[in-house]
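Remember, it's a predicted structure, so these values are computed and weren't measured experimentally. A, B, ... follow the sequence lines: proteins, then strands. Residue 1 opens every chain.
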Protein chains: 2
Amino acid sequence: MLAKSSTELVRQQNSALVLSALRRYGRMAHTEISDATGLASATISAITAELERARIIEKSEQQAATGRGRPRVLFSQRRGCGYLITVIISSDSIQYSLVDYAGTLLDRFTEPRGEGSTATFIASISAALERAVSRSRIDPGSVLLVSVSSKGLAHPSEPVLIWSPVFGSQPVDFTKALHEGWSARVILNNETLLVASALIEREARKPAGGEPVLAALSLGHSIGLGIGRRGSAGTPEILAPNFGHMLHIPNGGLCRCGAKGCVEAYAGFYAILRTAFEVPMDTIPAKFVPLAEIDKIATRARQGNRMAQLAFRQAGVALGNGLSRLLSLHGHMPVFITGPGTRHQDLLQSGIEEGLAQTQVVRLGGMPELTIVPDEPSLVFEGHLNLAFSIVDQDIILSRPHLQAAGE
Amino acid sequence: MLAKSSTELVRQQNSALVLSALRRYGRMAHTEISDATGLASATISAITAELERARIIEKSEQQAATGRGRPRVLFSQRRGCGYLITVIISSDSIQYSLVDYAGTLLDRFTEPRGEGSTATFIASISAALERAVSRSRIDPGSVLLVSVSSKGLAHPSEPVLIWSPVFGSQPVDFTKALHEGWSARVILNNETLLVASALIEREARKPAGGEPVLAALSLGHSIGLGIGRRGSAGTPEILAPNFGHMLHIPNGGLCRCGAKGCVEAYAGFYAILRTAFEVPMDTIPAKFVPLAEIDKIATRARQGNRMAQLAFRQAGVALGNGLSRLLSLHGHMPVFITGPGTRHQDLLQSGIEEGLAQTQVVRLGGMPELTIVPDEPSLVFEGHLNLAFSIVDQDIILSRPHLQAAGE
DNA sequence: AAGCTTTTTCTCGACAGTCGAGAAATTAGA
DNA sequence: TCTAATTTCTCGACTGTCGAGAAAAAGCTT
């Protein structure tokens with residue numbers, strides 16, 4: 001059934017629009033907001049007045065002197081309105097970042113990721129979150145959202161890790177990472193989903209409009225994939241399919257997940273290692289392969305070593321076949337490749353292209369555009385901010401059913 | 001960027017909501033519409049009055065005597081408001097149906113599908129459309145939409161067939177099927193997409209809410225797949241990925257599409273025939289296999305013939321592997337199997353399950369629910385009506401920017 | 001047959017929101 | 001000091017939804 005609409009919803013939608021414009025362009029004047037959103041000047045007055053009363057945005061101090069005329073008043077998010085903590089979990093460490101409502105980074109620290117059960121893992125995160133707020137003397141109650149990312153499979157709605165490289169199918173529930181006094185919501189997303197989110201936003205900022213749909217492929221110890229799409233309603237739609245553990249070859253090489261023949265079991269770092277050293281394909285793969293090890297194999301491959309070359313070629317074909325299946329099931333789209341594996345793109349490229357070439361979608365639609373974007377960490381952080389702030393802004397607007405005209 | 005909203009859009013949205021309720025439940029009273037939509041009674045008065053003035057809906061003659069109280073006035077679509085023609089293209093024939101705005105079937109006829117170029121094909125459709133309106137003495141200008149379905153790959157926005165079993169990658173443009181005097185829009189959708197649309201609507205009508213996401217798999221000479229999803233906004237989102245020509249086995253059996261190793265090259269009727277008769281896998285497959293031929297092979301398989309059994313098993317595994325990839329890339333969802341191939345589900349079942357079982361998604365989420373829905377033609381027609389009327393209703397509302405209070 | 005009850009439809013005024021036009025504010029330059 | 005330019009603010013018109021209650025129209029009761 002469709003949803004009903006009302007005049008109040010109109011205001012909500014348009015308030016969200018104003019906040020999102022402020023996110024995208026940062027610090028805007030009345031008229032700029034009007035131009036960017038398409039709303040009438042009078043409407044901007046009403047909305048900004050309301051948001052200002054609610055102490056969500058504020059008139060910024062420094063106003064650019066823009067020649068003659070009445071000086072423009074710039075609006076921006078009120079920093080103290082709330083805070084956001086991003087938690088980026090990687091295989092060997094965890095990075096914490098504290099960000100204020102205006103999007104500026106206040107604090108950042110990285111901790112090694114300890115061994116142990118999921119309970120001790122959650123406890124260490126919990127402690128780090130406490131540390132983050134106390135170091136910056138912030139009231140835990142003013143943390144609006146904790147945004148967590150990890151490799152692996154996240155529950156579609158709850159912040160629960162359903163499968164991860166480290167804990168396997170043992171679920172990890174991040175709601176438990178918050179002590180009392182924390183009213184924040186917790187969200188969990190796959191790391192490559194955030195990359196896709198960042199890329200789709202970058203594309204959206206391009207003047208020409210940019211690609212409205214794309215895939216992000218992350219190459220590393222594990223293989224991640226995110227799909228981003230700019231929906232008709234304007235809200236980007238982002239998902240992280242289980243690409244790395246999609247079936248590549250029936251009854252193929254043993255994968256870390258326990259299944260056989262996953263893409264990752266051919267294209268992940270451990271798979272490259274396994275093939276290069278001619279270890280049997282049913283061997284339980286290494287928990288963690290140092291990047292230097294892969295670099296060594298790559299060097300050998302570039303020097304002409306056959307098994308090393310085969311290892312990368314096999315990885316490339318697995319990725320190419322997988323991408324061809326992606327295009328078959330999600331339609332044609334450009335692919336952005338990121339992650340540490342991109343350093344060896346020269347060794348993977350031909351395999352990827354070969355793996356893609358055979359299928360009907362590629363024969364009809366042509367080879368998809370492949371773009372290398374090496375700096376994955378910035379993409380991940382950018383994705384965190386995009387997604388987190390869109391949720392925070394939405395929450396703030398919804399939680400304030402009537403920002404009444406409460407006089408001074 | 002998000003979209004801006006306005007009070008006028010609110011009315012549009014709510015008018016659409018009223019029309020869609022009328023579609024779903026047919027012939028409703030004022031209070032019923034109010035209950036179904038959640039809109040206030042006064043709003044229903046305003047909207048129905050407007051739609052009635054615009055001659056889109058009308059108060060129906062027969063009003064059910066419902067005991068005491070003021071008798072209810074039932075609203076329904078005004079039949080003469082416009083017409084819809086559905087064109088269902090199958091491998092050997094084309095079925096035309098003429099439907100009025102209230103959804104009642106006025107005329108239906110089927111024509112054999114001739115040989116020849118795309119031009120003569122379009123010409124024959126064009127002639128049949130003329131015949132449909134003239135037979136029922138309808139002004140071609142009052143045909144609002146021609147909804148065409150076919151197997152194969154449709155262009156995402158234009159009514160152009162990009163690839164089809166019969167014409168291959170020779171594009172077929174259905175806009176050319178309309179003579180002058182026709183102002184109708186033409187839409188083209190993959191046949192199994194319509195099946196998915198019908199199923200998602202059936203699920204939506206279930207009181208408990210039903211599955212919000214599902215896949216429809218059509219087994220026949222070719223393999224079709226549609227995915228239906230009830231989006232958060234209420235509008236169902238339906239897509240038809242290129243499942244049949246997704247890569248199953250690299251460098252595998254030759255497919256009708258010219259590529260090698262497609263799912264269809266293992267699970268389509270011609271593939272079953274090819275394997276059962278031990279024809280080499282690189283043989284150009286038969287253009288058309290009579291259903292009776294497949295039934296014969298099935299009988300032999302049930303009698304114990306090894307090659308016949310293998311043929312069905314191989315088809316099952318191809319489908320199972322393909323579905324496992326579908327679940328990997330689109331998330332877990334129930335699968336509804338339809339089409340003529342469902343008669344031999346007993347021979348396919350174990351292969352499908354085997355093909356599904358290996359992957360991580362299935363190991364984590366369990367075997368997806370497989371439901372057999374034999375009657376494909378009704379599903380296709382139902383899907384046509386759902387999709388076509390939602391477009392027609394939308395068009396009608398948008399084309400009437402101000403249904404002004406024009407007095408009598 | 002008149003009056004009562006019940007149920008539905010219709011109408012009115014209050015309220016929320018957007019928009020265009022023009023007034024008010026404020027600065028740079030003549 | 002005055003004027004032009006530019007931005008912000010304010011007002012009234014318009015569109016929309018909603019709740020309450022009036023009006024309508026039937027069956028039931030006496």
> Any idea which of C:dC10, D:dC9, D:dG16 is nearest the A:Ser41 side chain?
Replying inline: D:dC9
> Should A:Thr43 be listed as having a side-chain N or O under 4.0 Å from OP1 or OP2 of C:dC19?
Replying inline: yes
> Can you tell me how far the OG1 atom of A:Thr175 sits from the CD1 atom of A:Ile187, to the nearest 0.5 Å?
Replying inline: 13.5 Å
> So which nucleotide from D:dC18, C:dG17, D:dT8 ends up closest to the side chain of A:Thr31?
Replying inline: D:dT8
> Within the pair A:Ser6 and C:dA16, is there a side-chain N or O less than 4.0 Å away from OP1 or OP2?
Replying inline: no
>> Between A:Thr104 and A:Asp100, do the side chains contain a donor N or O and an acceptor N or O under 3.5 Å apart?
In response: yes
> What's the closest nucleotide to the B:Thr7 side chain, out of C:dG17, C:dT11, C:dT9?
Replying inline: C:dG17
> Taking for each residue the nucleotide of DNA chain D with the nearest heavy atom, is it A:Arg70 or A:Ala42 whose nucleotide lies nearer the 5' end?
Replying inline: A:Arg70
> At under 4.0 Å, does any side-chain N or O of A:Asn14 touch on OP1 or OP2 of C:dT18?
Replying inline: yes
> When the distance from NE2 of A:His30 to P of C:dA24 is rounded to whole Å, what number comes out?
Replying inline: 17 Å
> How do B:Ile47 and B:Gly69 order along DNA chain D: which one's closest nucleotide is nearer the 5' end?
Replying inline: B:Ile47
> Does B:Arg68 get its side chain close enough to the base of C:dT5, under 3.5 Å, for a donor-acceptor pair?
Replying inline: yes
>> In this structure, how many angstroms lie between the P atom of C:dC10 and the CZ atom of B:Arg72, rounded?
In response: 13 Å
>> Without decimals, in angstroms, what is the distance between A:Gln12 CD and D:dT17 P?
In response: 16 Å
>> Between C1' on C:dA16 and CD on A:Gln13, what's the gap in Å once rounded to a whole number?
In response: 16 Å
> What's the CD-P distance between A:Glu8 and D:dC18, to the nearest Å?
Replying inline: 8 Å
> Think B:Ser5 has a side-chain N or O under 4.0 angstrom from the OP1 or OP2 of C:dG17?
Replying inline: no
> Is any side-chain N of the basic residue among B:Arg202 and B:Glu382 closer than 4.0 Å to the acidic one's carboxylate O?
Replying inline: yes
> Between D:dC18, C:dC19, C:dT9, which nucleotide has the shortest distance from any of its atoms to the side chain of B:Ala29?
Replying inline: C:dT9
>> D:dT17, OP1 or OP2 - any side-chain N/O from B:Arg11 closer than 4.0 Å?
In response: yes
> Hey, is the side chain of A:Lys4 poking within less than 4.0 Å of OP1 or OP2 on D:dC18, counting only N and O atoms?
Replying inline: yes
>> Can you list everything that forms a ring-ring contact (aromatic ring centres under 6.0 Å, His included) with B:His330? Sequence neighbours excluded, please.
In response: A:His330
>> So, taking the atom named CD1 in A:Ile56 and the one named CD in A:Glu50, what distance separates them when rounded to the nearest 0.5 Å?
In response: 8.5 Å
> Just wondering, are more than 12 heavy atoms of other shown residues or ligands nearer than 6.0 Å to CZ in B:Arg55?
Replying inline: no
> CD1 of B:Ile44 versus P of C:dT7: gap in Å, rounded?
Replying inline: 21 Å
>> Heavy atoms only, 4.0 Å cut-off, all strands: where does B:Leu39 land among base, sugar-phosphate and nothing?
In response: sugar-phosphate
> For A:Glu32 and D:dT7, what is the distance between atoms CD and P respectively, to the nearest whole Å?
Replying inline: 9 Å
> What is the distance from CE of A:Met28 to P of D:dT7, rounded to the nearest Å?
Replying inline: 13 Å
